[in-house]
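Predicted model only: the values in this text are computed from it and were never measured. First listed ligand is number 1; within each ligand, the first listed atom is number 1.
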Amino acid sequence: MINNFLQNLKTIIYDRPFKNGTIINDKYTIIDCLGMGSYGITYLTQNHLNNNVCVLKQMKPSRKKLEKVHLSFENEKNILSLLNHPQIPKFGESFTFNGHHFFTMEYVNGRTFEDLIFKEMMVFKAIDAFHILRDVLDIVAYIHSHNIIHRDLRIPNIMVKDGVIYVIDFGLARFIDDRRNDVFNTEMKGYDIEKKLKREIHYKSDFYSLGHFILFLLYSGYTPVSKKEKSWEEELVLPDRARQLIRRLLQLDPPYNHVEEVIYDVDQLIYESK
Ligand SMILES: Nc1ncnc2c1ncn2[C@@H]1O[C@H](COP(=O)(O)OP(=O)(O)OP(=O)(O)O)[C@@H](O)[C@H]1O
């Protein structure tokens, strides 16, 4: 309780975002603060040298003494600079300015699925939802082919711009062999199972998140008919193959181990619904 209070106080004092118009490193003018995550503050900025708009991420000052914060910041930088895919923001540069740590990346001027579903109340037909999942899987296949697990494939981190899907936010991404930081590898009795399913450094954690992602899309067109809470399998009318796919993604049935297996099943599903 006291610890939480002190952390909140530190955040208020140290993590005040830079004001719009501030120039960072003689180069980046802050246009807006896009948000504050667990370890970073994210800005939309304009680079004076080329006039390009880009995203600038700052390590949270209140947390810069924590090893895990440095690790996450370094990981995101390393992973983004390694990946080179048109649907993943490209890494720009990293630097220290006035004692603050920063890096830049490409700005995706699109909308997140969180905004589409909850702000724009967009409704996705089941077939469109599976086509979107298929597009996301191509990006995930690329990420996994570099032995990287994203570990945060949620609706706020999947975007669409002009009909093209993008995956952002690699703050929790890890290399598959980075087992030293995988707390879920050790015996953890009574540990939060949900957290393990989402965060274990294994390909199947990304599939688990995609199980939830597809459910968000499918539920966008759902109107409850009774007040009694039911499971997604009772509420959503889905073909058997779709239900089986989601059950495996959510690890309710034996999980998928490789993205190609998921792609195969989604392709079959799309083919059968033609
Ligand atoms: N490359 C990008 N292009 C466009 N918007 C981005 C980009 N990166 C981040 N954002 C947006 O900036 C905001 C803050 O993102 P950020 O990843 O720093 O934190 P978060 O997702 O809120 O928290 P956490 O990192 O703890 O998950 C989000 O609204 C996100 O959509």
Side-chain angles (χ1 to χ4, degrees), residues 4 7-8 10-11 14-18 20 24 28-47 50 52-64 66 68-94 100-120 122 136 139 142-143 148-174 181 194-195 198-199 205-206 208-210 212-213 216:
N4 275 352
Q7 184 53 49
N8 289 342
K10 264 176 108 178
T11 298
Y14 294 108
D15 297 339
R16 222 170 294 155
F18 287 106
N20 296 353
I24 307 290
Y28 299 100
T29 302
I30 308 274
I31 300 172
D32 202 3
C33 176
L34 293 174
M36 205 180 282
S38 36
Y39 74 90
I41 308 173
T42 306
Y43 304 92
L44 184 66
T45 64
Q46 183 163 30
N47 176 343
N50 53 21
N52 281 350
V53 168
C54 67
V55 166
L56 178 72
K57 204 153 183 173
Q58 178 194 2
M59 190 188 290
K60 260 187 173 173
S62 70
R63 312 201 76 202
K64 68 181 181 188
L66 298 177
K68 69 172 186 186
V69 172
H70 277 268
L71 184 84
S72 290
F73 206 72
E74 287 304 312
N75 253 316
E76 187 168 9
K77 270 165 44 180
N78 293 341
I79 286 174
L80 279 181
S81 49
L82 183 88
L83 299 178
N84 183 10
H85 189 283
Q87 289 152 279
I88 294 173
K90 289 200 178 25
F91 177 78
E93 61 168 340
S94 70
H100 297 292
H101 305 292
F102 294 92
F103 71 87
T104 63
M105 71 178 112
E106 200 180 347
Y107 172 57
V108 179
N109 189 7
R111 272 145 339 142
T112 68
F113 278 91
E114 184 175 46
D115 286 349
L116 291 177
I117 294 171
F118 292 109
K119 287 196 185 146
E120 299 183 26
M122 200 156 165
V136 177
I139 310 175
Y142 174 82
I143 296 170
I148 291 163
I149 323 290
H150 185 284
R151 302 203 311 157
D152 204 12
L153 290 169
R154 295 176 300 122
I155 48 170
N157 294 333
I158 302 178
M159 301 183 79
V160 60
K161 179 183 136 194
D162 302 330
V164 179
I165 302 293
Y166 293 80
V167 168
I168 63 165
D169 196 355
F170 285 72
L172 292 174
R174 295 288 182 272
N181 294 307
E194 171 80 13
K195 204 159 183 181
K198 280 198 301 204
R199 302 278 191 253
S205 336
D206 280 350
Y208 180 78
S209 300
L210 289 179
H212 286 272
F213 174 73
F216 270 106

- Compare G171, P89, G37 and give the one whose heavy atom is closest to atom 19 (O) of ligand 1.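 Ranked by closest heavy atom to atom 19 (O) of ligand 1, first place is G37.
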- Can you tell which of T42, V53, V108 gets a heavy atom nearest to atom 14 (C) of ligand 1? T42
Can you pull out the closest protein heavy atom to [atom]? Residue, atom name and distance to 0.1 Å, please.
| atom | result |
| --- | --- |
| atom 13 (C) of ligand 1 | L34 O, 3.7 Å |
| atom 2 (C) of ligand 1 | V55 CG2, 3.6 Å |
| atom 1 (N) of ligand 1 | E106 O, 3.0 Å |
| atom 27 (O) of ligand 1 | D169 OD2, 3.1 Å |
| atom 31 (O) of ligand 1 | I168 CD1, 3.6 Å |

- For K198 against Y208, the heavy-atom pair lying closest together: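 For K198 versus Y208, the nearest heavy atoms are CG-CE2, 3.6 Å.
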- Query: Which heavy-atom pair separates F73 from Q58 by the least distance, and what is that distance?
  - Reply: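 Residues F73 and Q58, closest heavy atoms: CE1-C, 3.8 Å.
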- Item | Side-chain (D206) to main-chain (R151) donor-acceptor, under 3.5 angstrom | yes
- Message: Whether the side chain of N157 engages the backbone of I168 through a donor-acceptor N/O pair (distance < 3.5 Å, no angle test) should be reported.
- Response: no
- Query: With sequence neighbours left out, which residue pairs that include part of residues 32-45 fulfil the salt bridge (Lys or Arg N to Asp or Glu O under 4.0 Å) condition?
  - Reply: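 Counting only pairs at least two positions apart or across chains, no salt bridge (Lys or Arg N to Asp or Glu O under 4.0 Å) contact touches residues 32-45.
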As an exercise, identify every atom of ligand 1 less than 4.0 angstrom from a heavy atom of [X].
| X | result |
| --- | --- |
| M105 | 1 (N) |
| Y107 | 3 (N), 4 (C) |
| K57 | 16 (P), 17 (O), 18 (O) |

- Task: May I ask you to decide if the ring planes of H100 and F18 are parallel, tilted or perpendicular, using 30° and 60° as cut-offs?
- Result: perpendicular
- Task: Answer yes or no: are there more than 12 heavy-atom neighbours, outside F216 itself, under 6.0 Å from its atom CZ?
- Result: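 Not buried by this count: 12 neighbours or fewer within 6.0 Å.
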- ligand 1 versus S38, non-hydrogen atoms closer than 4.0 Å: side chain, backbone, both, neither?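 Both backbone and side chain.
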- Message: Test of understanding: with side chain to side chain donor-acceptor pair (under 3.5 Å), list the residues that count as partners of D169, not counting sequence neighbours.
- Response: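 Counting only residues at least two positions away or on another chain, D169 forms no side chain to side chain donor-acceptor pair (under 3.5 Å).
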